[in-house]
Amino acid sequence: MGKNSNNMSANNMWGGRFAGGPAAIMQEINASIPFDKALWRQDITGSLAHVAMLGKCAIISTEDMAAITDGLNQIAEEFERDGITEDLALEDVHMHVEARLREIVGDVAGRLHTARSRNDQVATDFRLWVRDAIASVDAALLQFQHILLRRAEEHHDSIMPGFTHLQTAQPVTLGHHLLAYFEMISRDRQRFADAYMRTNQSPLGAAALAGTGFPIDRHMTSEALGFDAPMANSLDAVSDRDFALDFLTAACQCALHLSRLAEEIILWASQPFGFLQLPDSFSTGSSIMPQKRNPDAAELVRSHAGRIIGCQNALMISMKGLPLAYSKDMQNDKPPVFEAEKLLGLCIAAMTGLVDEAVFVPAAMRSAAEQGYASATDLADWLVRQADIPFREAHHITGAIVRMAEEQSVPLDQLALADMQAVDSRIDERIFDALSLDASVRSRNSYGGTAPDQVMQQIQAAQQRLAD
Ligand code: ARG
């Protein structure tokens with residue numbers, strides 16, 4: 001094949017795409033209706049507030065205001081019933097609404113856009129959407145917290161190995177472990193609440209970028225839309241996408257927490273752990289290995305977290321080089337936010353279901369803690385406290401005793417007293433109070449610790465926090 005034929009095929013490659021003509025490609029790359037149609041409710045809500053303000057401020061007549069209002073309400077009914085018929089030539093959701101309005105009310109439709117631009121319009125719509133998204137994420141997280149508390153209470157004294165480096169460290173209770181996730185979700189909800197606060201500001205009336213010469217009342221539209229205040233700077237109002245990034249960043253952090261729990265559930269459901277059985281409703285079988293029950297939902301939560309982080313990344317990178325005020329790059333703010341919201345909703349729902357229905361196996365958790373000599377620290381602490389041995393030496397003695405237990409294949413509290421005394425004569429029978437797993441967890445009653453009584457107190461405090 002010669003050079004020319006290569007060129008030919010290269011030409012054919014883009015030639016086919018180009019056959020639609022530059023205008024068609026421009027239309028396709030420019031149009032946002034395939035995704036921003038999700039904003040139609042917010043768009044109509046924003047326009048209703050805007051037109052009411054135009055009427056009140058006598059920028060348009062009362063009759064025109066009424067006609068436009070009726071038209072917008074009719075469009076809302078139509079879209080609710082029939083959906084939106086996409087037309088790439090109409091670019092975006094704003095133009096779809098306006099075009100339909102013109103069909104319904106005639107040329108008066110053109111007055112709706114007085115003292116407004118799509119720049120402040122889209123910023124307003126998107127803030128309204130993100131506001132709703134935050135409210136629904138928060139409701140789902142609250143429900144998840146209730147489930148975590150219920151399971152924590154049920155297992156406030158179920159002993160399992162606590163890990164560091166994924167090595168058995170000290171015994172903890174499952175209730176205590178689940179409460180750790182409760183705390184993470186509490187912080188996630190705070191982050192979303194914080195994002196909400198900054199989202200809830202009105203850009204409407206900033207117009208294209210510089211404000212407007214019409215005598216508008218930005219406070220009126222801000223209030224009508226439930227925003228806390230109009231944004232103070234019109235350039236900032238149309239160019240700011242911090243609220244979308246705040247939402248995505250909170251979503252990343254939350255997804256990260258859910259992913260860590262998903263990872264633990266995957267481990268715990270594996271045969272060598274056996275700490276839990278996956279509910280039928282959240283596992284899948286294998287087509288060839290009949291014994292399998294796969295943790296697909298948890299695995300997908302773990303992976304969705306990666307996609308959500310990707311969404312945040314995409315918008316960060318889109319925004320970082322943009323001069324003020326509006327650039328078309330910003331049209332691409334919506335797909336990552338929509339995607340992250342959908343994925344996060346699924347992740348929260350899946351983890352809520354998994355935690356709600358998982359069958360924990362306390363006997364397996366206890367036996368893993370025993371095999372891992374989870375109470376070895378208690379033995380060393382006992383030597384320090386009761387026998388007045390320096391910690392370093394106590395650590396050494398404990399090591400020898402653990403080795404002995406390993407050789408005899410028994411948990412620490414089943415070693416013979418005489419054997420332990422052979423290692424160090426200062427040991428007496430009171431040692432057994434320290435060695436059992438139950439004694440070990442019971443002793444860790446410091447604030448926030450793993451003792452069952454402490455866990456119950458934490459659960460009550462958590463319930464109180466949710467009720468406040
Ligand atoms: N579809 C556009 C977006 O989502 C609306 C704003 C268009 N503004 C403009 N000046 N072209 O960003």
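Note that ligands are numbered from 1 as they come in the structure, with each ligand's atoms numbered from 1 the same way. Predicted model only: the values in this text are computed from it and were never measured.
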Do the two ring centres, one from [X] and one from [Y], sit under 6.0 Å apart?
{"X": "Trp268", "Y": "His177", "value": "yes"}
{"X": "Tyr181", "Y": "His257", "value": "no"}
{"X": "Phe243", "Y": "Phe126", "value": "yes"}

Starting from atom 4 (O) of ligand 1, which protein heavy atom do you reach first, and at what distance in Å?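 Looking only at protein heavy atoms, the one closest to atom 4 (O) of ligand 1 is Lys334 NZ, 2.8 Å.
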Nearest neighbour in protein (non-hydrogen) for atom 12 (O) of ligand 1: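 I find the closest protein heavy atom is Tyr326 OH, 2.4 Å.
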Between the candidates His94, Arg118, Gln331, which shows the shortest non-hydrogen contact distance to atom 1 (N) of ligand 1?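 Nearest heavy atom to atom 1 (N) of ligand 1 lies in Gln331.
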Gly205 backbone acceptor or donor facing Asp120 side chain under 3.5 Å: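 Yes, because the side chain of Asp120 sits within donor-acceptor range (under 3.5 Å) of the backbone of Gly205.
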Backbone or side-chain N or O of Asn119 under 3.5 Å from ligand 1 N or O: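 N/O-N/O distance below 3.5 Å exists for this pair.
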Whether over 12 other heavy atoms sit under 6.0 Å from Lys320 NZ: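 No, the 6.0 Å shell around NZ holds no more than 12 heavy atoms from other groups.
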Which of the atoms in ligand 1, numbered in the order shown and given with their element, are less than 4.0 Å from a heavy-atom of Asp92?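 The list of qualifying atoms is 1 (N), 2 (C), 5 (C).
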Going by the order shown, which atoms of ligand 1 are within less than 4.0 Å of some heavy atom of Ser32?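 Counting from 1, the qualifying ligand atoms are 1 (N).
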Using the side chain to side chain donor-acceptor pair (under 3.5 Å) rule, pick out the option among Glu91, Lys334, Gln331, Lys328 that qualifies with Ser32.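 Option passing the side chain to side chain donor-acceptor pair (under 3.5 Å) with Ser32: Gln331.
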Under 4.0 Å, counting heavy atoms only: does Glu91 come that close to any atom of ligand 1?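 It does not, in that no heavy atom of Glu91 comes within the 4.0 Å cut-off of ligand 1.
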